[in-house]
Number of protein chains: 2
Amino acid sequence: MKLNNTSQYAIRILAYIADHKEKTLFSATELSNELSIPYKFLTKIMTELVKADFIESIRGREGGFKLKKDASEIKVDDILNIFNDSIKDEECILGIGFCNGMCKCALHDQWMEPKLLMQRMFRESSLRDIAGKGCKI
Amino acid sequence: MKLNNTSQYAIRILAYIADHKEKTLFSATELSNELSIPYKFLTKIMTELVKADFIESIRGREGGFKLKKDASEIKVDDILNIFNDSIKDEECILGIGFCNGMCKCALHDQWMEPKLLMQRMFRESSLRDIAGKGCKI
DNA sequence: TTTTAATTCTACCTTTAAGTAGTAATTAAA
DNA sequence: TTTAATTACTACTTAAAGGTAGAATTAAAA
Ligand code: SF4
Ligand code: SF4
């Protein structure tokens, strides 16, 4: 009942970048150190964030990464979608049925509310909203 | 953002048994067929439910499984605990901090509400509550 | 007593997530 | 132009979840 590691890392990386507006460029080494994310794993994630067009990369010496969109335009849910980790509408707590209310599973009624809350949390929170919120992100 | 397969299976198995009060004994073959759970995987899970004392097993020909406790005494959360899949108090949506409010992660405030709702859903729902709720469990 | 239908035990296989290693490509500074 | 610092690419390794196979054990029925 949790986000996978890759998603957690990606959110923390983007939130960190959005949070430090005074800087313009962030190297993989800095991000790895500051966020305690294994360097090699982080670079792999960065590549995906670049492909997803959330991050722009500058290659070569003095290069690095920076946000490609405004922080208010990147929702947490967009990040989760890259890693196929967002909460699908048809996602069922017991893994049967289709969450369409036609054929309910035993926990359906109790599951709808937290599910919707989580979907809203992810869909409505932008990087701008969460940047600066963590005390040691 | 979902329960693991084993937990889902275990809940559905126990709910099925609790739901069919007219029967006294359920064989692994029946449970496997009715619930579409791979036979060999199901027997593995049954063994754990027996060890956890939720299920009593009768070995040998004409044997099978039955509930060992009253359905109202088994909470969904108890089942999740067997497979280390319940939502811990200190569980953080971003995998940092300790959810103690001292050092918040960026999504802390928005995470508390769905988290508590899910904990309550699992802790307060007994087999008795959910048995008979599913249309094709 | 033998057979048969059931659970239990031990061990293995497969898939996916997580993480690591090495090298190539790029580019600015020296 | 060389060097150093950086991202990008390809491939491998490890750990955990999910699933499978087969033989051992049990006990009722035939
Ligand atoms: S009962 Fe509800 S939660 Fe469960 S599978 Fe069906 S639609 Fe999804
Ligand atoms: S900020 Fe809150 S949710 Fe996030 S890790 Fe800390 S305690 Fe957990």
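To find a chain, count down the sequence lines: A is the first, B the second, and so on, and within it residues start at 1.
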Residues forming a side chain to side chain contact (heavy atoms under 4.5 Å, CB included) with B:D70, sequence neighbours excluded: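 Side chain to side chain contact (heavy atoms under 4.5 Å, CB included) list for B:D70, sorted by chain: B:S72, B:E73.
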For B:N81, side chain to side chain contact (heavy atoms under 4.5 Å, CB included) partners two or more places apart: B:D77, B:S86
Separation of atom [atom1] in [X] from atom [atom2] in [N], rounded to whole Å:
| X | N | atom1 | atom2 | value |
| --- | --- | --- | --- | --- |
| A:E48 | C:dA17 | CD | P | 11 Å |
| B:L49 | C:dT8 | CG | P | 11 Å |
| B:E56 | C:dA6 | CD | P | 18 Å |
| A:N84 | C:dT16 | CG | C1' | 12 Å |
| B:L42 | C:dT7 | CG | C1' | 12 Å |
| A:N5 | D:dA17 | CG | P | 12 Å |

Touch class at under 4.0 angstrom, heavy-atom based, for B:F83 against every strand present: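 Nothing, no nucleic acid heavy atom in range.
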Residue B:K23 excluded, over 12 heavy atoms near NZ under 6.0 Å: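 Result for NZ/B:K23: enclosed.
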B:F83 and B:L3, any side-chain heavy atoms less than 4.5 Å apart: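 No, their side chains stay 4.5 Å or more apart.
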Enumerate, atom names and distances included, each donor-acceptor pair closer than 3.5 Å involving a side-chain atom of residues 48-62 of chain A, sequence neighbours excluded.
unit_1 : atom_1 : unit_2 : atom_2 : d
A:D53  : OD1    : A:K68  : NZ     : 2.9

Rounded distance [0.5 Å steps], NZ in A:K133 versus CG in B:L107: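 If we round to the nearest 0.5 Å, A:K133:NZ and B:L107:CG are 8.5 Å apart.
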For B:K69, all residues meeting side chain to side chain donor-acceptor pair (under 3.5 Å), sequence neighbours excluded: none
Of B:I13, B:T43, B:N5, the residue whose pairing with B:I37 passes side chain to side chain contact (heavy atoms under 4.5 Å, CB included):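 The side chain to side chain contact (heavy atoms under 4.5 Å, CB included) with B:I37 is passed solely by B:I13 among B:I13, B:T43, B:N5.
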Divergence of helical axes at both termini of the helix from C:dT1-D:dA30 to C:dA30-D:dT1 - five pairs an end, 10° steps: 20°
Under 4.0 Å protein heavy-atom contacts per nucleotide of nucleotides 3-15 of chain D, with B for base, S for backbone only and - for none: -BBBBSS------
